[in-house]
Peer 1: 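Handing you a structure now.
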Amino acid sequence: MKNSIKLQSKHKKTSIRFRRFLISICGIFVNVLLAFIMNKVGLPLYFDTLGTIGVAAITGYLFPAICTGVATNAICTLFYQPSIYLSFFNALIGIITVAFVKKYSFKKIGNVFLYALIIALISSLSVSFSQFAIYGENGTNLIAQNARAFASVTALPYLLSFCITTFLIYFLEKAFICIIMMILLHVIPKKFLSSFEDSFSNKILSDTEQQYLSNRHNDIKHPLHTRITSTFIIAATILVCVTGFIALRLYFDNSKKEKTEIALNCVKISADFIDPNKVDGFIKYGKDAPGYNETMTFLTNAWATSSVTYLYVIKTELDGARFIFDVEDPEGIEVAMKPGELLPYDKELEPFIDDLLSGKIVPPVESKSIFGKLITVTYPVYDDEGSTVCYVAADVSLDYLKSFIGSFIAKVFFVMAGFFLVIISYTIWTIGNNLSYPISTIAAYVDIFSDSVENQEKLEENAKQIRSLNIQTGDEIQKLYDAICRMTLSQTEQIRDIRRLSDSTVKMQDGLIITMADMVENRDSDTGAHIQKTAAYVKIIVEGLKKKGYYPQKITPKFMSDVVRSAPLHDVGKINIPDGVLNKPGKLTDEEFAIMKNHTTAGKEILEKAISSVQGENYLKEARNMAAYHHERWDGKGYPEGLHGEVIPLSARIMAVADVFDALCSPRVYKPAFPLEKSLAILQEGSGTQFDPKCVEVFMDSISEVKMILKKYNTTVVL
């Protein structure tokens with residue numbers, strides 16, 4: 001039977017997961033299909049979030065919604081490459097939708113309008129800034145083209161125009177999607193939607209227990225799932241940042257190395273072409289020197305076919321570099337140096353001046369000037385004797401590389417962000433379902449189990465609820481859960497056996513009490529059913545005090561039980577009173593009354609001897625208090641010690657009211673039974689003098705119960 005329940009539960013969970021997977025696949029298909037159609041038609045309305053919103057609204061779970069969004073954009077890359085950069089924002093829409101449906105719904109038009117407005121605003125701002133970070137003002141899609149047209153008409157900045165254009169288009173798209181969602185959610189059966197709520201507590205907890213578990217979880221300052229998830233997110237973020245930084249650094253270094261090699265090849269080819277014997281003529285006559293124009297043409301072609309920024313030929317002198325050739329910019333942005341002009345060395349070249357003057361090969365040098373950050377690569381032009389005549393130099397700009405890397409970082413960030421959300425959502429889902437929720441639920445149920453020890457039925461019910469959780473994680477948590485199930489079952493059985501033994505012991509003790517009390521009562525000729533009636537009155541009074549909130553520190557469940565059970569022993573000391581005094585038909589003399597009063601001290605001594613034979617707390621201590629002090633008075637005029645007020649033990653004050661009332665309502669050899677009204681009047685008269693006023697008050701409030709007791713024992717009192 002147990003295995004059958006486990007299999008049914010496992011099958012149900014598998015079925016729910018399969019349905020989520022199937023709905024996610026449908027959502028991806030709808031997104032990709034609509035995006036493909038819109039792309040082919042050429043409309044800026046992509047509708048590639050309809051499936052994401054649908055999956056989020058139907059399942060109510062982050063992981064399927066995020067996976068749908070990211071997978072959609074990954075597939076759409078096949079026909080629209082920039083789509084991959086928007087996966088993060090599609091996933092973000094799924095997250096917002098899940099949060100929205102948990103608090104609101106798609107059934108109210110006001111909520112739908114608010115949702116469409118929020119989604120359109122977030123989507124437009126996110127897409128606008130991301131597109132601007134990647135493409136700048138050179139975007140090629142329809143929205144970018146419309147944004148440029150809008151900016152030219154309104155004279156607004158391009159980014160602001162892009163945001164406004166995107167918002168208007170997205171609001172129209174999201175509003176249409178919301179209308180479709182309203183229709184879809186209205187058509188789908190509620191039973192199908194509610195089937196995705198498969199948490200443990202939804203199946204077996206009442207509202208009260210749900211609130212109990214919620215309060216237990218609120219007491220936890222640092223929930224396990226929060227700590228684990230936070231640790232994972234921090235670790236993953238650090239790993240991604242470090243990995244990204246290393247990757248970018250390697251890319252930058254490789255790109256710089258590649259450009260340096262291209263520049264080096266360019267200067268080597270140029271150095272081979274330059275005739276060293278004509279260098280002095282080039283410096284002296286410039287463009288009029290023979291072979292100058294042919295050399296400039298070659299250098300210009302070499303510059304145009306490479307990725308170098310500047311290409312020039314210089315002769316190193318002590319005061320600076322004297323230009324021989326400076327390839328002109330075809331667009332005329334930079335003014336070329338004229339042959340023979342002298343330019344001081346940059347400070348970055350100062351360490352290499354001696355090598356340059358001696359004609360040695362120097363390594364590439366990074367410098368920063370008005371032309372930006374550059375890498376300067378030089379190569380000497382040798383004459384026939386192997387001496388350096390001049391240097392061919394090429395500058396490679398690193399500013400372009402930096403701007404390219406900025407765009408590259410943005411692209412990498414948006415691509416990785418989407419998949420990062422998938423990983424994080426899967427981690428949160430896994431931790432919640434397989435770790436945090438099972439542990440917190442087990443802990444809460446064990447708390448409930450431990451708090452219900454006093455009630456055997458509730459204890460057994462809680463043990464059954466723990467077993468019905470049926471946690472199937474297949475790891476150490478399941479082993480812990482199985483051990484707790486065995487422990488609670490064993491403890492329930494042990495407590496049941498202990499309670500049976502305790503009940504048997506209590507019954508035996510109560511039997512002994514009644515036997516002892518009957519032995520005393522049988523010696524007294526006219527106290528019929530006195531112990532039964534006084535015990536009943538004591539119960540009425542102590543329950544009344546509890547109900548009204550009197551003496552809350554004293555009146556505990558144990559005190560109430562001890563007082564009621566001990567009540568029959570309040571006159572146990574009469575066993576030492578001679579029959580002649582105990583059953584005298586007339587009024588007692590002073591000497592006889594003194595003997596009668598000794599029954600209080602005798603009862604105290606008898607019960608103290610009984611207490612000394614039993615270790616620990618026991619109910620006989622209240623029996624001793626009642627036997628010793630039930631004839632004390634509130635005003636201090638009682639016996640045997642003349643105690644007063646709350647100095648008198650509460651159990652004795654309760655017994656005083658019960659004992660006197662029964663004496664008034666019962667016939668004695670020296671008097672008939674008083675009518676009920678007269679007995680109650682005497683009690684009220686003694687309130688605050690002979691009796692505790694609160695005890696009298698609660699007794700008077702329970703006259704109907706008192707009358708039932710009098711009728712039960714067929715007393716002769718007039719009601």
Side-chain angles (χ1 to χ4, degrees), residues 259-398:
K259 287 184 174 293
T260 302
E261 290 178 352
I262 293 174
L264 183 59
N265 291 331
C266 180
V267 295
K268 282 183 177 181
I269 294 173
S270 300
D272 289 340
F273 183 81
I274 295 175
D275 186 351
N277 298 319
K278 297 181 180 180
V279 168
D280 291 336
F282 293 158
I283 295 174
K284 185 176 181 179
Y285 300 107
K287 296 180 180 181
D288 296 330
Y292 185 93
N293 292 328
E294 291 81 359
T295 304
M296 176 62 78
T297 301
F298 181 86
L299 294 176
T300 302
N301 292 333
W303 172 82
T305 56
S306 66
S307 59
V308 299
T309 307
Y310 305 106
L311 181 64
Y312 49 94
V313 181
I314 59 173
K315 186 173 183 178
T316 56
E317 298 180 3
L318 188 62
D319 296 334
R322 191 171 298 279
F323 274 78
I324 303 173
F325 292 95
D326 187 11
V327 178
E328 295 183 4
D329 184 0
E331 297 180 1
I333 297 176
E334 301 290 346
V335 179
M337 299 291 292
K338 295 180 179 180
E341 282 192 60
L342 185 68
L343 188 68
Y345 295 113
D346 293 334
K347 62 179 181 179
E348 289 83 2
L349 286 174
E350 290 178 359
F352 305 99
I353 291 177
D354 292 338
D355 292 337
L356 290 172
L357 292 174
S358 60
K360 295 180 180 179
I361 297 176
V362 298
V365 179
E366 289 190 26
S367 62
K368 192 172 185 180
S369 65
I370 58 173
F371 303 110
K373 193 169 184 179
L374 305 171
I375 297 179
T376 301
V377 180
T378 59
Y379 194 78
V381 177
Y382 299 106
D383 58 15
D384 295 337
E385 297 177 357
S387 299
T388 301
V389 177
C390 61
Y391 284 93
V392 179
D395 291 337
V396 178
S397 175
L398 297 180

Peer 1: Let's go through Tyr310 and Val327 carefully: what are the C-alpha distance in whole Å and the side-chain angles of both, what is the deciding distance for side-chain contact (heavy atoms from CB on, under 4.5 Å) to 0.1 Å, and is it a yes or a no?
Peer 2: CA-CA 7 Å; Tyr310 305 106; Val327 178; over 6 Å; no

Peer 1: When you compare the side chain of Phe352 with that of Pro363, does any pair of heavy atoms fall below 4.5 Å?
Peer 2: yes

Peer 1: Who passes side chain to side chain donor-acceptor pair (under 3.5 Å) against Thr376, sequence neighbours left out?
Peer 2: Asp395

Peer 1: Determine the minimum heavy-atom distance between Cys390 and Ile314, stating which atoms define it.
Peer 2: CB-O, 3.1 Å

Peer 1: Could you list the residues that satisfy side chain to side chain donor-acceptor pair (under 3.5 Å) with Glu317, not counting sequence neighbours?
Peer 2: Arg322

Peer 1: How long is the straight-line distance from CD1 of Ile324 back to OH of Tyr312, given to the nearest 0.5 Å?
Peer 2: 12.5 Å

Peer 1: Do Asp275 side-chain atoms and Asn277 backbone N/O form a donor-acceptor pair below 3.5 Å?
Peer 2: yes

Peer 1: Using 0.5 Å steps for rounding, measure from the CG atom of Asp319 to the OH atom of Tyr345.
Peer 2: 8.5 Å

Peer 1: Can you check side-chain contact (heavy atoms from CB on, under 4.5 Å) on Val392 and Val381, steps first, answer last?
Peer 2: CA-CA 7 Å; Val392 179; Val381 177; 3.8 Å; yes

Peer 1: Once you round to the nearest 0.5 Å, how far does SG of Cys266 lie from CH2 of Trp303?
Peer 2: 10.5 Å

Peer 1: What's the verdict on side-chain contact (heavy atoms from CB on, under 4.5 Å) for Val362 and Tyr391, showing C-alpha distance, side-chain angles and the deciding distance?
Peer 2: CA-CA 11 Å; Val362 298; Tyr391 284 93; 5.5 Å; no

Peer 1: Name all residues meeting the side chain to side chain donor-acceptor pair (under 3.5 Å) criterion together with Glu366; count only those two or more places apart in sequence or in a different chain, and write none if there are none.
Peer 2: Lys256

Peer 1: Give the minimum heavy-atom separation between Val377 and Val267, together with the two atoms involved.
Peer 2: O-CG1, 3.9 Å

Peer 1: Residues two or more places apart in sequence or in another chain: which of them pass ring pair (Phe, Tyr, Trp, His ring centres under 6.0 Å) with Tyr292?
Peer 2: Phe282, Phe325

Peer 1: Can you tell me how far NZ of Lys268 sits from CG of Asp272, rounded to the nearest 0.5 angstrom?
Peer 2: 9.0 Å

Peer 1: List in chain and number order the residues that pass ring pair (Phe, Tyr, Trp, His ring centres under 6.0 Å) with Tyr285, two or more places apart in sequence or in another chain; answer none if no residue qualifies.
Peer 2: none

Peer 1: Run the numbers on Thr260 and Val396 for side-chain contact (heavy atoms from CB on, under 4.5 Å), then give the verdict.
Peer 2: CA-CA 7 Å; Thr260 302; Val396 178; 5.9 Å; no

Peer 1: Got a second to check how far Leu318's CG is from Ile353's CD1, nearest 0.5 Å?
Peer 2: 8.0 Å

Peer 1: Minimum heavy-atom separation for Leu311 and Ala302, please, with both atom names.
Peer 2: CD2-CB, 4.4 Å

Peer 1: With distance as the sole test, does Ser387 use its side chain to make a donor-acceptor pair with the main-chain N or O of Asp383 at under 3.5 Å?
Peer 2: no

Peer 1: For a quick test of reading the model, state the closest non-hydrogen atom pair linking Ser397 to Leu374 and the distance between them.
Peer 2: CA-CD2, 3.6 Å

Peer 1: My understanding is that only one of Thr378, Thr388, Asp355, Leu356 makes a side-chain contact (heavy atoms from CB on, under 4.5 Å) with Thr316; could you say which?
Peer 2: Leu356

Peer 1: Just jot down the salt bridge (charged side-chain N to carboxylate O under 4.0 Å, His left out) partners of Lys315, sequence neighbours excluded, or say none.
Peer 2: Asp280

Peer 1: Give, for atom CD1 of Ile375 and atom CG of Leu264, the distance between the pair rounded to the nearest 0.5 Å.
Peer 2: 12.0 Å

